[in-house]
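Atoms within a ligand are numbered from 1 in the order they appear, just like the ligands themselves. A quick note: this is a predicted structure, and the numbers were derived from the prediction, not measured.
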Amino acid sequence: MAEKPWNGRFVQATDTSVEAFTASHAYDRRLYPYDIAGSIAHSKMLAKVGVISDAEAAQLVEGLATVKGELDRGTFAFDDGLEDIHMHIEARLLDVAGTVAHKLHTARSRNDQVALDVRMYLRDETRRLIGLLHALRRVLVDLAAAHPDVVMPGYTHTQRAQPVLLAHHLMAYYEMFSRDQARFADCLGRINVMPLGAAALAGTTYPIDRAYVARLLDFPQVSDNSMDAVSDRDFALEFLSAASICMVHLSRLSEELVLWSTAEFGFITLSDAFATGSSIMPQKKNPDIPEIVRGKTGRVFGSLMALLTLMKSLPMAYNRDMQEDKEPLFDTVDTIAACLQINVQMIPRITINRDRMRQAASVGFLNATDMADYLVGKGMPFRQAHACVGKAVAYALSKGSELHELSVDELRQFASPVEDDLFDQLTVEHMVDRRRSQGGTAAANVRAAIAKAREVLAEDEEQLVRGNGRSRSNTPTNHST
Ligand code: ARG
């Protein structure tokens, strides 16, 4: 069994149950590419400032590359006795590079090392999620653009309220996911801070060059306080908060897709390729994808709660509790990436049942507000108009008909200004089209919103290609303008 780097003061061997209990390599091994990149940068910096020789740095760098090769190929042997990925890599470096490996940890602690690794990992994953959110926004805009004139009932309290364009409804999700993307981009700025050089907690006596390490690892900033650097996990909390909010949006969308694909709604048909069947009921086609996305929301919230609870009573600086930060973080990254990815694939293959949607928008008194507005146009105060139309609705209900199916004479019993020109205003197209207030569902508004979204997405794409994750739609101010 490998010698523990910290066992100088120990006279008894670690109990194997303790090794198993404290080991984290089963999950933190996913940090290895970052751990090795960080160690390579640290070695180069130690040589640059003269703490080790250039030849020693070269040996370390070569040895680390060899170890990385073993990890990449999956031939690396893990051992509970070595706790975590950091100690595994250092121990293996000793085998492949010889005793020069003993110099790697000069001016460094696992506390700043793990902080660096997690930040580098999360920086990459946040950029990947930003790309996935961009892709999701694009498929939503494309679906909206492909159905510019489909009318559906808009709901409040899950009761039919007023007609809206399907495209307007879809663009509401575009807005939510744009804000989610902006939140991740904003969070990325605080993830992207280089903690190495904080050492255990107090900094180090060696003449290290932190700015040089930051340049090598492409960090725009180094941390300003060594104690904060090793004990701060705000960046992970922010990430989990952004992820939780994004899952709320994915879950709401999922809930609607589940409802809309029921026989009762029949608004959409999911592609066979993105649905599953029942093992007992031959007729079933189930919306399992949106159901699972909705279901996975809970574990992301759970991860946020786990990390908030983990951090809330920790005295400064590093505490081993913080090893527990990784599993919720990793699980959240995997979960949200999978949920975004599957939606990007599924949404373009949804069939819109436009007749069902239109039919649903035509019954259930969705034109009651418009009749009241008509009366206001004839000079009646809105509250009075509301009351008159309410009475007309009650009368129509008792007859089993809609407002627009009543005659002018019948309607005049409740609202004397009614004339023939009312009926034009009660069609779904007319109702949608009259809602031209900024942000309203009128077709011209929705067309403009789609055109603007396409512009923003194209600009975004350029930024994403340049790789910095920042873009017009990522800047929070975008949505207030
Ligand atoms: N595996 C540890 C973690 O993830 C690394 C840091 C350990 N530091 C220590 N002083 N024991 O937090």
Aromatic rings Phe177 and His249: how do their planes relate, parallel, tilted or perpendicular, breaks at 30° and 60°?
perpendicular
Counterpart residues, salt bridge (charged side-chain N to carboxylate O under 4.0 Å, His left out), relative to Arg119 (two or more places apart):
Asp232
Which atom pairs, nitrogen or oxygen on both sides, join ligand 1 and the protein at under 3.5 angstrom?
from: ligand 1; atom 1: 1 (N); to: Asp84; atom 2: OD2; distance (Å): 2.9
from: ligand 1; atom 1: 1 (N); to: Gln323; atom 2: OE1; distance (Å): 2.8
from: ligand 1; atom 1: 4 (O); to: Lys326; atom 2: NZ; distance (Å): 2.5
from: ligand 1; atom 1: 8 (N); to: Asn111; atom 2: OD1; distance (Å): 3.0
from: ligand 1; atom 1: 10 (N); to: Asn111; atom 2: OD1; distance (Å): 3.3
from: ligand 1; atom 1: 12 (O); to: Tyr318; atom 2: OH; distance (Å): 2.3

Taking salt bridge (charged side-chain N to carboxylate O under 4.0 Å, His left out) as the test, write out the residues that go with Asp142, two or more places apart.
Arg454
For the residue pair His169 and Tyr173, categorise the inter-ring angle as parallel (less than 30°), tilted (30 to 60°) or perpendicular (more than 60°).
parallel
Under 30°, 30 to 60°, or over 60°: which ring-plane class applies to Tyr121 and Phe330, parallel, tilted or perpendicular?
perpendicular
Enumerate, atom names and distances included, each donor-acceptor pair closer than 3.5 Å involving a side-chain atom of residues 156-164, sequence neighbours excluded.
from: Arg160; atom 1: NH1; to: Ala360; atom 2: O; distance (Å): 3.2
from: Arg160; atom 1: NH1; to: Val363; atom 2: O; distance (Å): 3.1
from: Gln162; atom 1: NE2; to: Thr369; atom 2: OG1; distance (Å): 3.0

